[in-house]
Every structure is written in C-alpha cells, then in structure tokens.
Amino acid sequence: MCRNIRTLHNFEPPATTAEVEAAALQYVRKISGSAKPSQANQEAFDRAVAEIAHVTRRLLDDLVTTAPPKDREVEAARARARAQERYAR
C-alpha cells in the first residue's frame, strides 16, 4: 500500500474531511500512475478523487468496533519511533 495513505478508522477525534480527501487523492495518484493528470484527464481525475472520498467517508461512518479509539499523538510517536529505527541502520 502507498505509504502516504494512513489508517483513518477508529481515531479520536475522527478523521477530518481533509484527511479523507488526501487519502483519496493518494489512491487515485497511485492507481492512475500520475501525480498530476494532463488537462485531458483532469476532470476524470478530480471526479475519481471526489467519488472515492465520498465512499471512504461512508465506509468510515459505517464501520463499527469494540476497540477503544486510538490516540493520534500516541500513534504518531510510534510511527516516529519505527522510522527512527528503520533509518538508523
């Protein structure tokens, strides 16, 4: 999976619209193989991002879990620690 797409489920506070849209954009970029589409493909690219963001938001709203919500700061600290270990080699 693209490293720029982050888990958005079960966080407190919930994922923002900006986070959902950023994940959708990264997904479309990965699938299309293009970070910036040509003018001829811009409309299709933008439509795909909007549709995927909408479906992603609906998915996040519909998912249920009994696990306690994750804390963004704790998860970010864990990610930094993993990165530090990985790049220290």
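Reckoned from all heavy atoms, side chains included, excluding hydrogens, waters and symmetry mates.
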- Task: Please name the residue in the list Thr56, Val55, Leu59 that meets the side chain to side chain contact (heavy atoms under 4.5 Å, CB included) test with Val20.
- Result: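 Testing Val20 for a side chain to side chain contact (heavy atoms under 4.5 Å, CB included) against Thr56, Val55, Leu59 leaves exactly one candidate, Thr56.
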[X]: side chain to side chain donor-acceptor pair (under 3.5 Å) partners, not counting sequence neighbours:
{"X": "Thr17", "value": "none"}
{"X": "Glu51", "value": "none"}
{"X": "Asn10", "value": "none"}

Compare every heavy atom of [Y] with every heavy atom of [X], then report the nearest pair and how far apart it is.
{"X": "Leu25", "Y": "Phe45", "answer": "CD1-CE2, 3.6 Å"}
{"X": "Arg72", "Y": "Pro13", "answer": "NH2-O, 2.8 Å"}
{"X": "Glu12", "Y": "Pro69", "answer": "CB-CB, 3.7 Å"}
{"X": "Ala53", "Y": "Ala24", "answer": "N-CB, 3.6 Å"}
{"X": "Glu21", "Y": "Val49", "answer": "O-CG1, 4.3 Å"}

- Atom pair CG/CZ of Leu60 and Phe11 - distance to nearest 0.5 Å: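 So the gap between those two atoms works out to 11.0 Å.
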- Task: Can you measure from CG (Leu63) to NE2 (His9) and round to the nearest 0.5 angstrom?
- Result: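 Going from CG on Leu63 over to NE2 on His9, the span is 5.0 Å.
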- Going by the salt bridge (Lys or Arg N to Asp or Glu O under 4.0 Å) test, which pairs reach into residues 31-46, not counting sequence neighbours?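 Matches after skipping sequence neighbours: Glu43-Arg47.
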- Enumerate the residue pairs fulfilling salt bridge (Lys or Arg N to Asp or Glu O under 4.0 Å) with a member in residues 53-70, sequence neighbours excluded, ordered by first and then second residue.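 Those involving residues 53-70 are Arg57-Asp61.
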- Results of side chain to side chain contact (heavy atoms under 4.5 Å, CB included) for Arg78 - residues two or more places apart only: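 Arg78: side chain to side chain contact (heavy atoms under 4.5 Å, CB included) contacts with Val74, Glu75, Arg82.
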